There are 2 protein chains.
Amino acid sequence: MPSGKATSSDVAAAAGVSRSAVSFAFNNPQRISVATRERILAAAEELGYAPSTLGRMLQAGTTGSIGVLLPQGLGRILENPYYSRFLMGAGQVCDQEGYTLLLTPPLQDSVLKAIPYAAVDGFIVCGLEADRGEVAELTRRGIPFVLIDSDRLEGAPSVEVDDRGGAREVARYLLDLGHRRLAVLSMDPGAEVPVRGYRGPLARRLAGIADALTDFGLTMADVRLAEVPVTRSEGYRATVGLMSGDEPPTAVLALSDVLAYGAVDALQELAIKVPAEVSVTGFDDLAESSWFRPRLTTVRQPIVTKGRMAADFLISAIRGEAQHPHQTLGTSLIVRESTAKPA
Amino acid sequence: MPSGKATSSDVAAAAGVSRSAVSFAFNNPQRISVATRERILAAAEELGYAPSTLGRMLQAGTTGSIGVLLPQGLGRILENPYYSRFLMGAGQVCDQEGYTLLLTPPLQDSVLKAIPYAAVDGFIVCGLEADRGEVAELTRRGIPFVLIDSDRLEGAPSVEVDDRGGAREVARYLLDLGHRRLAVLSMDPGAEVPVRGYRGPLARRLAGIADALTDFGLTMADVRLAEVPVTRSEGYRATVGLMSGDEPPTAVLALSDVLAYGAVDALQELAIKVPAEVSVTGFDDLAESSWFRPRLTTVRQPIVTKGRMAADFLISAIRGEAQHPHQTLGTSLIVRESTAKPA
DNA sequence: AACTCCTATTGAATCGATAGGATGTGTCGC
DNA sequence: GCGACACATCCTATCGATTCAATAGGAGTT
């Protein structure tokens, strides 16, 4: 019983041939006689030998897997169905093209540090500010990548969503209904906003809301804003805060469905009727949102398609085919039961 | 502008030192003078050099990532929230221990073929029949692994769930309510059942149902059985079939929540009231099941915990610490609104 | 000036496998 | 009996980095 680390030299020795012969036996049968091949394979079986994955990858210069560079830990990321859907889309392409998918969370809270530990042919980079160093690092290393949920950047392929249009549409819808006291329940943008301003999808969604407000003679100063991590319980907590004080909002516009669920939880807890007393909207249109009660009014974005395109673009880039394509996907307002005219 | 493939030799040449010095500059700063180090780092920056991930892994003999060997393509797997939850659990441990997670779908419909293409320190093997060759292959290669949703096997750590007990409990519950005409909506066991019989969780769940039936003087021959892939739409389709004919069942016992959703879809389509006319139960207790209307009666299994334990066991095995632990997790019947006495 | 000691640095081996070109052996034809 | 031609097999360089053991050089001591 070998220690599980038989090498091609061992097999070669056992079969009385050279290491090349061993390699040929596995990858190039026609370059070797049948008898020798059998002998080699028998020896390999005996010793429990199988070609080392790393050895082959190093030699081939390719890993056959694509990395997904994630902005948060796996435990938290996979809690959000948004990412499941996204990975599903990317996974469909991987299935077709025979790639594996390496989920790469930050290392010691640093996305940058995680890069050198991923043996991949390219990265899908999720939800990162495009000028934070990761992009520069990947460029420097010459690793192909595609940006998702980020800012459009020259020289880097990306798949975007019309966040601004979507947010404008849902905000306008609420204003049209007659709501004037809005609360915006937003995802936590990190600590750098004071220095650097909003970035990526968040910036675009806020801009969209501002667009709509302008049409009604309002500004962002007229809405209450809460910024929290994207979990249902944080959405709950923040909403409790938003509803306290004088003149509470008549509509909560959440920038994520998951946050909207939390908002409804809070309102039910406070015995405030949705949508009769307060309207709630989300963003994403997760599958859960049509099951949720009240069925959630939200902005649909094509998450699975986004995943598919990201993987497609990346694989093209890996093959050296594509020239940094950019793609912007549309959104649509899905009106369901969580919104109504203000009381 | 280099072609993105600077090697340690290039840097060494540029800085006028040996390759060893370059390596030290990055990994062992105290073994080299400050001046030289600076010079090397400058040259590295200039050339866009970063140590090759594969090179380092080969040398170190470790990849820092754990593989998840999946029974189906990624596109289909991630459609099922069950796997999202499971991966979330495993991901929590990965976050803590600094591992990445490699999702490895079958290659050309073969799980076995996928193994050599995954550069990992070990595998979590999901939903595979333990004697189908994959286990033998992993053992032969000496790669650590943990079995999930499989059969208990000497010499291989595994995390199981008390499927039999859970199924027995839900079946008995339906029989206690007075249901006698049951339909079982089961996941597709693959083509080998006639030859090899049922395996793994499916076998245990069917056995649990049989246990309960026996207590009531019935056998599996008295229930209608449909076996389909685990998707909502397949559940829908199968249920339409189950309800046709004489003496349709008064209760549908699905072996997966996702299938149960499909069953309810079908019954609503057929204008059959749930639970007034027909009861439906699931298995898993996905988060969605408490949102679903009617809220789904189901068997809860601790999916996230399962994921955590699997990763824990695997990492112990990788470190050479553990001795093939087995663990069986309990289930519990969650009674909600999709079940009632027969009309 | 010679000797020791220490430190920065290097050479070579190792991790495993692959593949292009060279070599050897055997058979066939003339 | 000798040259040509196949075919099987081997040698060696390559993929990139790490690391142990060895060395060169300089500083310090007597």
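Within every chain, numbering begins at 1; the chains are lettered A, B, ... in the order of the sequence lines, protein sequences first and strands thereafter. For clarity, every value in this text was computed on a predicted model and none was experimentally measured.
Going from atom CE of M57(A) over to atom OG of S52(A) covers 9.0 Å, rounded to the nearest 0.5 Å.
Across the protein-nucleic acid pair, Q59(B) atom CD and dC15(D) atom C1' stand 14 Å apart, rounded to whole Å. The distance between atom CG of N27(B) and atom C1' of dC20(D), rounded to the nearest whole Å, is 15 Å. Rounded to whole Å, the distance from CG on L54(B) to P on dG16(D) is 9 Å.
In this structure Y99(A) satisfies the ring pair (Phe, Tyr, Trp, His ring centres under 6.0 Å) test with no other residue, sequence neighbours excluded. Judged as a side-chain contact (heavy atoms from CB on, under 4.5 Å), and not counting sequence neighbours, the contacts of A14(B) are A43(B), L47(B). Here L102(A) pairs with T104(A), A118(A), V120(A), S65(B), T100(B), L102(B) under the side-chain contact (heavy atoms from CB on, under 4.5 Å) rule; sequence neighbours left out. Among residues two or more places apart in sequence or in another chain, the side-chain contact (heavy atoms from CB on, under 4.5 Å) test is passed with P106(A) by V111(A).
Counting only residues at least two apart or in different chains, salt bridge (charged side-chain N to carboxylate O under 4.0 Å, His left out) contacts with residues 24-41 of chain A are absent. Applying the side-chain hydrogen bond (donor to acceptor under 3.5 Å, both in side chains) test to residues at least two apart or on different chains, the pairs with a partner in residues 307-322 of chain A are Q92(A)-R308(A), E97(A)-R319(A). Here ring pair (Phe, Tyr, Trp, His ring centres under 6.0 Å) pairs that include residues 30-50 of chain A, with residues two or more places apart or in two chains, are F26(A)-Y49(A). Within the structure, ring pair (Phe, Tyr, Trp, His ring centres under 6.0 Å) pairs that include any residue of residues 103-129 of chain B do not occur (at least two apart or interchain).
Across all strands shown, N28(B) has no heavy atoms under 4.0 Å from either base or sugar-phosphate atoms. Counting any heavy atom pair closer than 4.0 Å across all strands shown, A35(B) reaches no nucleic acid atom. Within the nucleic acid shown, F26(A) has no heavy atom closer than 4.0 Å to any nucleic acid atom. Within 4.0 Å (heavy atoms only), A25(B) reaches no atom of the nucleic acid at all. Within 4.0 Å of T7(A), counting heavy atoms only, lie sugar-phosphate atoms of the nucleic acid but no base atom.
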Would you tabulate the pairs of protein nitrogen or oxygen atoms and nucleotide nitrogen or oxygen atoms of nucleotides 4-6 of chain D closer than 3.5 angstrom?
none

Report all interatomic pairs (protein N or O, nucleotide N or O of nucleotides 8-11 of chain D) with separations under 3.5 Å.
unit_1, atom_1, unit_2, atom_2, d
dT9(D), OP1, T36(A), OG1, 2.4
dT9(D), OP2, S33(A), N, 3.1
dT9(D), OP2, S33(A), OG, 3.0
dT9(D), OP2, T36(A), OG1, 2.8
dT9(D), O4, R31(A), NH2, 3.4
dC10(D), OP2, S18(A), N, 3.0
dC10(D), OP2, S18(A), OG, 3.3
dC11(D), N4, S20(A), OG, 2.4

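Between M88(B) and I303(B) there is no side-chain heavy-atom pair separated by less than 4.5 Å.
By the 6.0 Å contact criterion, CZ on R76(A) is open, its count of non-hydrogen atoms from other residues, nucleotides or ligands being 12 or less. Applying the 6.0 Å contact sphere to CZ of R199(B) captures more than 12 heavy atoms from other residues, nucleotides or ligands.
Recorded end-axis angle for the helix from dA1(C)-dT30(D) to dC30(C)-dG1(D) stands at 60°, based on five pairs per end and rounded to 10 degrees.
Between chain B and DNA chain C, the heavy-atom contact criterion of under 4.0 Å yields a 5' to 3' nucleotide range of dA8(C) to dG16(C).
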Exercise for the section: Please step through salt bridge (Lys or Arg N to Asp or Glu O under 4.0 Å) for the pair K5(B) and D10(B), ending with a clear verdict. Expected result: CA-CA 10 Å; K5(B) 30 161 47 184; D10(B) 301 336; over 6 Å; no

